[in-house]
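Only one structure is covered here, and it is reproduced in the block below.
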Protein chains: 2
Amino acid sequence: MTNQSLFDESFMESPVLSRKERERLMRRRAMLEAARAVFAEKGYVDATLDEIAQRAEFGKGTLYNYFPGGKDELFFTVFEEIFAQFRQLIAQSFAGAASFREGFETFLRASFEFFEQHRDMLLLVTRESQRMLVSPDPERAAFFQKHHETFLELLTRHIQAAIERGEVRPLPAEAVAHTILGNLHGLAMHRLLKECVASKPQHVFPTPEEATRFLSTLLLEGLLNRTQTTGKS
Amino acid sequence: MTNQSLFDESFMESPVLSRKERERLMRRRAMLEAARAVFAEKGYVDATLDEIAQRAEFGKGTLYNYFPGGKDELFFTVFEEIFAQFRQLIAQSFAGAASFREGFETFLRASFEFFEQHRDMLLLVTRESQRMLVSPDPERAAFFQKHHETFLELLTRHIQAAIERGEVRPLPAEAVAHTILGNLHGLAMHRLLKECVASKPQHVFPTPEEATRFLSTLLLEGLLNRTQTTGKS
DNA sequence: TCAACAAATGACCAATCAGTCACTTTTTGA
DNA sequence: TCAAAAAGTGACTGATTGGTCATTTGTTGA
């Protein structure tokens with residue numbers, strides 16, 4: 001498994017927590033990692049609490065000591081943490097950038113690297129996030145719509161500024177943000193699928209760098225060939 | 001319900017079929033429409049055969065006379081028909097076009113109209129298609145991957161030709177096709193969601209025409225502002 | 001050492017639902 | 001008209017699984 005732990009464990013050295021508290025947090029952490037792995041592998045409905053408990057090396061009942069809300073609470077907590085990571089990634093990418101282009105490319109590169117390091121998370125988000133966004137259960141739908149909107153807002157801010165500076169074509173900023181996120185997710189999945197299926201030896205941007213260059217060119221410069229001299233930069 | 005029937009009913013006048021055969025096809029049709037509606041509303045797992053049977057006004061057992069494979073056969077048949085429609089749409093859009101741009105814009109417009117007329121189908125595809133693409137069940141995954149690849153191939157052919165004619169920047173054609181499909185689906189969903197949620201009075205390309213113009217500009221011309229004179233065409 | 005408390009456990013319960021099949025209703029054709 | 005065949009039906013079954021709780025195991029501090 002190539003996946004790394006997603007989360008900050010610095011609290012483990014913190015002296016403000018007693019041993020008992022630290023142990024409790026470690027057990028919570030183990031349960032969440034197990035839940036993430038099983039949800040990613042099976043999807044929300046096919047994941048069973050028995051398997052999560054087994055993978056975390058606890059009895060099923062113990063899960064309820066730590067997550068009284070049961071399956072749903074585990075699921076939402078897993079996503080809260082994933083989404084928090086990604087929000088941070090967006091903010092950091094644009095933080096010190098000199099131009100929109102620079103921030104944008106940093107964001108793409110960091111995202112592709114992030115997805116590559118956390119494949120199971122990408123699968124999980126792909127499998128469930130879209131589905132939940134249009135869930136018949138209004139609570140679930142609201143949770144995912146809220147987070148989705150937060151991502152959009154973060155990106156929209158930078159795009160709007162770039163439009164006002166004249167760097168970017170005057171298009172509706174929010175729609176542009178939506179497009180960028182969609183493309184990012186789509187290409188990351190495309191790479192993952194090609195890699196997994198690999199029926200044909202398909203060259204499909206083996207490095208984050210190449211994926212970034214493709215998406216950056218396509219979205220920033222467009223598909224149309226402007227120079228008759230086959231203008232590669 | 002704004003959804004129209006998706007499918008060809010011309011066989012109903014065909015003299016090659018007996019009354020019994022025509023009646024049987026009509027009942028099959030009713031069951032498939034009911035299945036599509038319930039799958040779209042509830043998603044694959046939460047849809048029950050009881051509800052499909054009830055909506056189609058048949059007993060549950062009768063479904064098995066027409067679809068011995070049960071839930072799975074209903075589900076796959078629904079998708080076979082949706083995918084066949086969309087393949088036809090791609091082929092027709094590029095058929096008589098003078099340039100890539102013209103065919104591309106026809107394709108976008110036709111797609112947005114198609115999705116608008118068949119909202120429940122769009123929801124169904126969104127909810128299930130992505131999910132099935134990475135399903136742990138290899139049979140399901142293969143079914144969806146096969147259809148997905150067919151779409152890609154259809155589009156890739158036209159893009160490759162446009163690249164060879166010098167109309168389109170020399171990028172990997174298949175990746176471009178993937179991007180186009182992703183954007184189309186993404187924007188269609190964005191419009192649908194904004195319309196449904198409508199918390200804020202969001203202007204988000206109310207007509208297929210506007211959605212087409214946005215996506216066409218963004219993908220063909222790119223985000224970067226080339227003229228300092230705020231070049232609106 | 002041991003009593004009191006906390007934590008962990010997994011057998012069990014209740015609900016759900018795909019699929020079956022014995023029975024009823026309808027159609028057919030002689 | 002009516003018997004035989006075809007079509008339709010929904011109560012039932014078996015399997016699954018989220019959640020519960022009485023019991024067991026471990027920890028603490030006097």
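Residue numbering restarts at 1 for every chain, and letters A, B, ... go by the order of the sequence lines. What you see below is based on every heavy atom in this structure, not just the backbone, and it leaves out hydrogens, waters and symmetry mates.
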Atom [atom1] of [X] and atom [atom2] of [N]: how far apart are they, to the nearest Å?
X     : N      : atom1 : atom2 : result
A/F58 : D/dG19 : CZ    : C1'   : 19 Å
A/I52 : D/dG18 : CD1   : P     : 8 Å
A/L63 : C/dA8  : CG    : P     : 11 Å
A/E51 : C/dG10 : CD    : P     : 16 Å
A/M26 : C/dA7  : CE    : P     : 18 Å
A/D46 : D/dT17 : CG    : P     : 8 Å
A/K42 : D/dT16 : NZ    : P     : 13 Å
A/E57 : C/dT9  : CD    : P     : 10 Å

What are the atom names and distances for every N/O pair under 3.5 Å that joins the protein to nucleotides 19-22 of chain C?
residue	atom	partner	partner atom	Å
C/dG19	OP2	B/Y64	OH	2.9
C/dG19	OP2	B/K71	N	3.2
C/dG19	O5'	B/Y64	OH	3.2
C/dG19	N7	B/K60	NZ	3.0
C/dG19	O6	B/K60	NZ	2.6

Return a table of donor-acceptor pairs under 3.5 angstrom between the side chains of residues 105-112 of chain A and protein atoms on other chains or two or more places apart.
residue	atom	partner	partner atom	Å
A/E105	OE2	A/R101	NE	3.2
A/E105	OE2	A/S216	OG	2.5
A/T106	OG1	A/E102	O	2.9
A/R109	NE	A/E209	OE1	2.8
A/R109	NE	A/E209	OE2	3.4
A/S111	OG	A/F107	O	2.8

Between protein and nucleic acid, restricted to nucleotides 22-28 of chain D and to nitrogen or oxygen atoms under 3.5 Å apart, what atom pairs and distances do you find?
residue	atom	partner	partner atom	Å
D/dT28	OP1	A/R19	NH2	2.9

Is A/K71 positioned over the aromatic face of A/F39, cation under 6.0 angstrom from the ring centre and no more than 45 degrees off axis?
no

Within 45° cone of A/Y66 ring axis and under 6.0 Å: A/R24 NZ or CZ:
yes

May I ask you to evaluate whether B/N65 reaches the phosphate of D/dA7, defined as a side-chain N or O under 4.0 Å from OP1 or OP2?
no

Looking at B/V38 and B/A47, what are the two nearest heavy atoms and their distance?
CG1-CB, 3.6 Å

Could you check whether the rings of A/F94 and A/H158 sit parallel, tilted or perpendicular, using 30° and 60° as the cut-offs?
parallel

If the plane angle is over 60° it's perpendicular, under 30° parallel, otherwise tilted; pick one for A/F86 and A/F115.
parallel

Would you classify B/R24 as touching base, sugar-phosphate or nothing, given that sugar-phosphate means primed atoms plus P, OP1 and OP2, and contacts are heavy atoms under 4.0 Å?
nothing

Taking any heavy-atom pair under 4.0 Å as a contact, classify B/F67: base, sugar-phosphate, or nothing.
nothing

Report the C-alpha distance between B/K42 and B/E51 in whole Å, list the side-chain angles of each, state the deciding distance to 0.1 Å, and finish with yes or no for salt bridge (charged side-chain N to carboxylate O under 4.0 Å, His left out).
CA-CA 10 Å; B/K42 303 287 178 65; B/E51 184 168 350; 2.7 Å; yes

Exactly one of A/F76, A/F79, A/F83 clears ring-ring contact (aromatic ring centres under 6.0 Å, His included) with A/H147, and that residue is A/F83

Take B/H118 and B/F114, measure what ring-ring contact (aromatic ring centres under 6.0 Å, His included) needs, and give me the verdict at the end.
CA-CA 6 Å; B/H118 305 295; B/F114 183 66; 5.0 Å; yes

Listed nucleotide nearest any side-chain atom of B/R27, set D/dG8, C/dA8, D/dT17
D/dG8

